[in-house]
Structure formats: C-alpha cells, structure tokens
Student: 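After the structure tokens below, expect a handful of questions from me.
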Amino acid sequence: MINKQNLWFLTLFSLILVLSVYYITMPNELLLSKTKTEEKSIPSKKKDTTVEETTSLVAMRVSLEEERQEAMNTLQEQLTSDAMTTEEKNNAYEQLKYLNELQGKEETLEKKIKETCKLDSFVKIDNSNITVVAIATKHDNTLANNIMRLIQEEYKEKMYITVKFEKS
C-alpha cells in the first residue's frame with residue numbers, strides 16, 4: 001500500500017517529468033519567433049548593457065558560493081540519510097534554511113550599498129560579523145562609516161562590521 005508521502009512524491013515527480021518533456025520537445029521556432037517579433041517592435045530601444053566587476057569581487061563570490069554549496073550538500077545528505085534521527089534532520093533543515101537566508105541578506109546588502117553609495121561590493125555575513133569589501137577609487141573614513149551605518153540599520157542587535165576598500 002502506498003502511503004501519503006510516497007503518493008505526493010510520485011505526483012510531484014510525474015509533474016516535473018511531464019513539464020521537462022514538454023520543455024525539451026517544444027519547437028525552437030516558437031522561442032525564436034517570439035524574440036524576432038520583439039526585436040521588430042522595439043528596435044530603437046534595444047541597448048547593450050555590460051556589467052563589469054573586478055576579478056577580486058568575482059573571486060570572493062565564487063569562493064563563498066563554493067563554500068556554502070559544499071555545506072548545503074552536506075546538510076542535504078543529512079536530510080536524506082536514514083541513519084539520522086528526526087532531531088538531527090530538523091537541525092540540518094534549520095541550518096539549510098539559515099544559509100539560504102544569509103545568502104539573501106548578503107545580496108540585499110550589496111544592492112543597498114550599490115544603490116546608496118554607488119559602489120560595487122562584496123558582503124559576507126558570519127554570525128554577528130559582517131565583512132564588506134568595496135571597490136572605490138578613494139579610501140574614505142566617512143564613506144566607510146556610512147556603509148557601516150547603512151548595514152547596521154538592517155539589524156536590531158549590534159553587528160561587528162568591517163569595511164575594506166580595494167581600488168578598481
């Protein structure tokens with residue numbers, strides 16, 4: 001007899017399988033014709049935008065992403081392991097949720113710094129320590145203090161914020 005959990009799994013798996021097959025078999029002409037009609041209707045508004053970041057920011061992001069992905073993979077293995085207790089699985093789930101929240105918060109802070117201070121930056125949150133690496137032509141104490149205040153506004157408790165500047 002199939003229990004509810006297996007039934008839900010089979011239902012969701014079937015849905016994903018059907019959508020995958022649909023996407024794969026969808027004709028390319030359908031996708032290409034849509035983009036061609038968009039180009040014809042708005043040819044003058046097309047703009048080339050390029051996003052440039054320093055290699056150091058990209059390297060820091062990649063390093064942090066690899067570190068977090070490794071931790072998430074370990075936690076997901078714990079979640080699917082039969083040898084783990086329910087409490088251990090709950091702890092792994094909470095840690096996984098926390099890592100996702102951290103990643104979202106870091107991205108939010110980077111966007112806020114970009115919008116407010118007009119600087120490319122990298123933000124890493126580690127418990128109550130926040131490290132910010134900002135790309136700026138001049139290293140200004142006032143700018144560093146503004147970034148620190150901007151970040152602290154997002155938290156109720158006192159955070160230890162470090163701001164480092166790198167030249168572009």
Side-chain angles (χ1 to χ4, degrees), residues 1-43 45-116 120-133 150-157 159-161:
M1 182 121 209
I2 296 179
N3 63 19
K4 287 184 179 182
Q5 186 177 7
N6 288 341
L7 183 64
W8 275 107
F9 174 75
L10 289 173
T11 305
L12 291 175
F13 181 74
S14 300
L15 180 64
I16 291 170
L17 185 64
V18 168
L19 289 174
S20 299
V21 169
Y22 174 75
Y23 178 75
I24 289 170
T25 59
M26 190 167 54
N28 287 339
E29 294 80 29
L30 181 65
L31 295 173
L32 293 175
S33 65
K34 183 178 179 183
T35 57
K36 285 180 182 176
T37 56
E38 288 174 356
E39 288 175 6
K40 289 177 185 174
S41 62
I42 317 173
K45 291 186 180 181
K46 187 176 178 183
K47 295 181 181 179
D48 289 332
T49 57
T50 57
V51 177
E52 293 183 21
E53 284 189 311
T54 63
T55 55
S56 61
L57 286 183
V58 173
M60 285 184 252
R61 282 198 183 96
V62 168
S63 174
L64 181 61
E65 180 68 28
E66 287 174 353
E67 180 183 314
R68 293 252 171 89
Q69 191 61 45
E70 188 176 311
M72 286 178 166
N73 289 341
T74 304
L75 291 170
Q76 287 174 347
E77 287 174 9
Q78 290 176 1
L79 281 174
T80 58
S81 172
D82 293 334
M84 304 297 276
T85 65
T86 305
E87 186 176 328
E88 290 171 328
K89 287 184 179 185
N90 285 339
N91 288 339
Y93 174 75
E94 290 299 322
Q95 289 176 353
L96 199 60
K97 194 166 101 173
Y98 175 71
L99 287 176
N100 283 327
E101 289 172 2
L102 266 185
Q103 193 171 6
K105 191 67 171 173
E106 288 168 347
E107 290 173 7
T108 303
L109 291 174
E110 287 176 6
K111 286 179 186 175
K112 194 170 184 180
I113 292 170
K114 178 80 170 176
E115 291 169 359
T116 308
D120 287 329
S121 63
F122 167 76
V123 176
K124 181 180 180 183
I125 302 172
D126 187 20
N127 296 325
S128 63
N129 296 322
I130 300 176
T131 304
V132 178
V133 178
L150 189 69
I151 291 174
Q152 187 61 55
E153 288 174 357
E154 297 290 316
Y155 295 95
K156 293 178 183 175
E157 65 276 355
M159 302 301 282
Y160 299 100
I161 304 166

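Heavy atoms only: backbone and side chains are in, while hydrogens, waters and symmetry mates are out.
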Student: Counting distance only, does the side-chain N/O of Ser63 pair as donor-acceptor with the main-chain N or O of Ala59 below 3.5 Å?
Tutor: no

Student: State the CD-CE distance between Glu65 and Met60, to the nearest 0.5 angstrom.
Tutor: 15.0 Å

Student: Tell me yes or no: between the side chains of Gln95 and Asn91, is some donor less than 3.5 Å from an acceptor?
Tutor: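 On atom types as modelled, these side chains do not qualify, holding no pair under 3.5 Å.
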
Student: Between Thr80 and Glu77, is there a donor-acceptor pair closer than 3.5 Å when you use the side chain of the first and the backbone of the second?
Tutor: yes

Student: Hey, are the side chains of Glu88 and Thr85 touching, using non-hydrogen atoms and a 4.5 Å cut-off?
Tutor: yes

Student: Considering only heavy atoms from C-beta outward, does the side chain of Ile151 approach that of Ile113 to under 4.5 Å?
Tutor: yes

Student: For residues Ala71 and Leu99, report the shortest heavy-atom separation together with the two atoms involved.
Tutor: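 Answer, listing the atom of Ala71 first, then Leu99: CB-CD1, 4.0 Å.
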
Student: Going by salt bridge (charged side-chain N to carboxylate O under 4.0 Å, His left out), name the pairs with one or both residues in residues 101-112, residues two or more places apart or in two chains.
Tutor: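 Found Arg61-Glu110, Arg68-Glu106, Lys105-Glu154, Lys112-Glu153, Lys112-Glu154.
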
Student: Tell me, do Asn100 and Lys97 make a side-chain contact under 4.5 Å, heavy atoms counted?
Tutor: no

Student: So which atom in Asn3 and which in Asn6 form the shortest heavy-atom distance, rounded to 0.1 Å?
Tutor: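 Nearest heavy atoms, Asn3 then Asn6: OD1-N, 2.9 Å.
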
Student: Taking all non-hydrogen atoms of both residues into account, name the closest pair between Phe122 and Leu57 and its distance.
Tutor: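 In terms of heavy atoms, the two residues are closest at CB-CD2, 3.4 Å.
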
Student: To the nearest 0.5 Å, how far apart are CG in Leu109 and CD1 in Ile125?
Tutor: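 Rounded to the nearest 0.5 Å, the CG-CD1 separation comes out at 5.0 Å.
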
Student: Are there more than 12 heavy atoms of other residues, nucleotides or ligands under 6.0 Å from atom OH of Tyr155?
Tutor: yes

Student: Identify the heavy atoms of Leu96 and Leu75 that sit nearest to each other, and give their distance.
Tutor: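 Looking at all heavy atoms of both residues, the closest pair is N-CD1, 3.7 Å.
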
Student: Taking the side chain as everything from C-beta on, heavy atoms only, tell me whether Val123 gets closer than 4.5 Å to Ile130.
Tutor: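 Yes, at least one pair of side-chain atoms sits under 4.5 Å.
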
Student: What distance do Leu150 atom CG and Thr116 atom OG1 have between them, rounded to the nearest 0.5 Å?
Tutor: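 Reported to 0.5 Å precision, the distance equals 4.5 Å.
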
Student: For Gln103 and Met72, work out which heavy atoms get closest and say how close.
Tutor: OE1-CE, 4.1 Å

Student: For a 4.5 angstrom cut-off between non-hydrogen side-chain atoms, does Met159 reach Asn129?
Tutor: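 SC-SC contact between Met159 and Asn129 ruled out.
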
